[in-house]
Amino acid sequence: SFPREISRLHEFTSVWVRDPRIQREDFWHAYMDYEVCIHSNSLAFTKKTSCVRRRYSEFVWLRQKLQDNALLLVRLPDLPPKNPFFNMNSAQQIDERMKGLQQFLGIIVQNPLLLSDSCLHLFLQSQLSVSRIEACVAGRTHYTVAQAIQSSGPTVMRFGSEENMEGEEEENHCGPLEEHHSHVTLSERALV
């Protein structure tokens, strides 16, 4: 219909990859993560603005998951290449990687088929780890995709109390997120 075409022309989704930070797992192991921010007026996104932190290996996972889910219908853009000699102290290497990650996401969020993938939305708008994203999408968590996205944000929010979750069907909600604290990664600590 004509009005829908006009409204579609005004839809936008902006993606930024910025603020690289070195995260230390222990004395010997460290990795770099990046802030991934989205600003959109698209109906495809639950939240119109959001920022999460993601590391390169999570982008690799996202690309593979999107490719698996889209089958051969979409050719996904490449990620910046994995560099075994990546120097976390090299501003040039960090900047090149961030630009490549931003270009990758910029193309992904313009594709309607990929925008229908719950993994993409959880990657962009929740602090869940890759394993928790997979569990949530498969219905093996105590919270829905929408709850995971809504609870991510600048303030600490919980998915629900035990009273709220009691009596609800197992496939939708089984209990509060706090019960699974032992599997929480650093990026998820704000949620529990």
Side-chain angles (χ1 to χ4, degrees), residues 7-8 10-23 31-66 69-70 74 76-77 79-80 94-95 97-139 141-160 172-173 176-178 180 183-192:
S7 68
R8 194 160 165 64
H10 298 291
E11 266 189 18
F12 69 89
T13 301
S14 301
V15 181
W16 297 274
V17 177
R18 60 186 184 195
D19 189 25
R21 291 186 190 166
I22 295 174
Q23 305 293 335
Y31 63 88
M32 181 158 293
D33 69 5
Y34 309 89
E35 185 176 53
V36 177
C37 297
I38 297 285
H39 180 78
S40 179
N41 68 350
S42 170
L43 296 175
F45 289 95
T46 303
K47 292 166 72 174
K48 300 311 172 195
T49 60
S50 63
C51 290
V52 298
R53 296 206 67 84
R54 296 289 177 198
R55 60 192 287 185
Y56 181 82
S57 62
E58 292 173 312
F59 280 87
V60 172
W61 169 86
L62 175 66
R63 186 182 188 285
Q64 185 60 56
K65 188 54 90 172
L66 291 173
N69 293 346
V74 177
L76 291 170
L79 287 167
I94 293 168
D95 192 49
R97 181 173 276 184
M98 284 192 309
K99 284 179 184 173
L101 295 174
Q102 184 168 314
Q103 288 172 345
F104 168 77
L105 289 176
I107 294 168
I108 296 297
V109 299
Q110 299 306 317
N111 185 304
L113 179 64
L114 299 175
L115 277 177
S116 68
D117 195 308
S118 295
C119 290
L120 175 64
H121 289 275
L122 288 168
F123 178 89
L124 292 173
Q125 297 199 296
S126 80
Q127 296 291 344
L128 296 178
S129 68
V130 165
S131 61
R132 286 198 177 237
I133 290 173
E134 288 179 341
C136 185
V137 169
T141 58
H142 306 303
Y143 44 89
T144 64
V145 170
Q147 286 173 320
I149 291 170
Q150 287 299 333
S151 68
S152 284
T155 58
V156 175
M157 293 179 66
R158 307 215 182 260
F159 284 99
N172 294 328
H173 314 282
L177 179 63
E178 294 86 4
H180 301 285
H183 300 289
V184 173
T185 64
L186 291 174
S187 64
E188 294 172 316
R189 296 214 185 211
L191 291 176
V192 292

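For clarity, every value in this text was computed on a predicted model and none was experimentally measured.
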Quiz prompt | With Cys51 via disulfide (SG to SG under 2.5 Å) - residues at least two apart | solution = Cys37
Quiz prompt | side-chain contact (heavy atoms from CB on, under 4.5 Å) assessment of Thr141 paired with Leu128 | solution = CA-CA 11 Å; Thr141 58; Leu128 296 178; over 6 Å; no
Exercise. Rounded to the nearest 0.5 Å, what's the gap from CD1 on Ile22 to CD1 on Ile94? Could you check?
Key: 6.5 Å
Exercise. Report yes or no: does Gln23 contribute a side-chain atom to a donor-acceptor pair with the main-chain N or O of Asp33 at less than 3.5 Å?
Key: no
Quiz prompt | Partners passing side-chain contact (heavy atoms from CB on, under 4.5 Å) against Ser40 (at least two apart in sequence or in another chain) | solution = Thr13, Ile38, Ser42, Phe45
Practice problem: Just do the side-chain contact (heavy atoms from CB on, under 4.5 Å) check on Arg53 and Asp19 with the steps written out, would you? | Solution: CA-CA 9 Å; Arg53 296 206 67 84; Asp19 189 25; 3.2 Å; yes
Quiz item: Is there a donor-acceptor contact under 3.5 Å from the side chain of Gln150 to the main chain of Gln147?
Solution: no
Quiz item: More than 12 non-hydrogen atoms from neighbouring residues, nucleotides or ligands closer than 6.0 Å to NZ on Lys99, yes or no?
Solution: no
Self-check item: Contact check, side chains of Ile133 and Trp61, non-hydrogen atoms, under 4.5 Å
Solution: yes
Self-check item: Residues forming a side chain to side chain donor-acceptor pair (under 3.5 Å) with Gln103, sequence neighbours excluded
Solution: none
Practice problem: Please tell me if the side chains of Trp16 and Glu35 come closer than 4.5 Å, counting only heavy atoms from C-beta onward. | Solution: no
Practice problem: With sequence neighbours excluded, tell me which residues meet ring-ring contact (aromatic ring centres under 6.0 Å, His included) with Phe123. | Solution: Phe59
Practice problem: Return the set of residues passing side-chain contact (heavy atoms from CB on, under 4.5 Å) with Ile107 (not counting sequence neighbours), or none when no residue passes. | Solution: Pro77
Exercise. Given side-chain contact (heavy atoms from CB on, under 4.5 Å), test Ile108 with Val15 step by step and report yes or no.
Key: CA-CA 10 Å; Ile108 296 297; Val15 181; over 6 Å; no
Quiz item: Of all residues at least two apart in sequence or in a different chain, which pass the side-chain contact (heavy atoms from CB on, under 4.5 Å) check with Pro80?
Solution: Tyr56, Arg97, Leu101
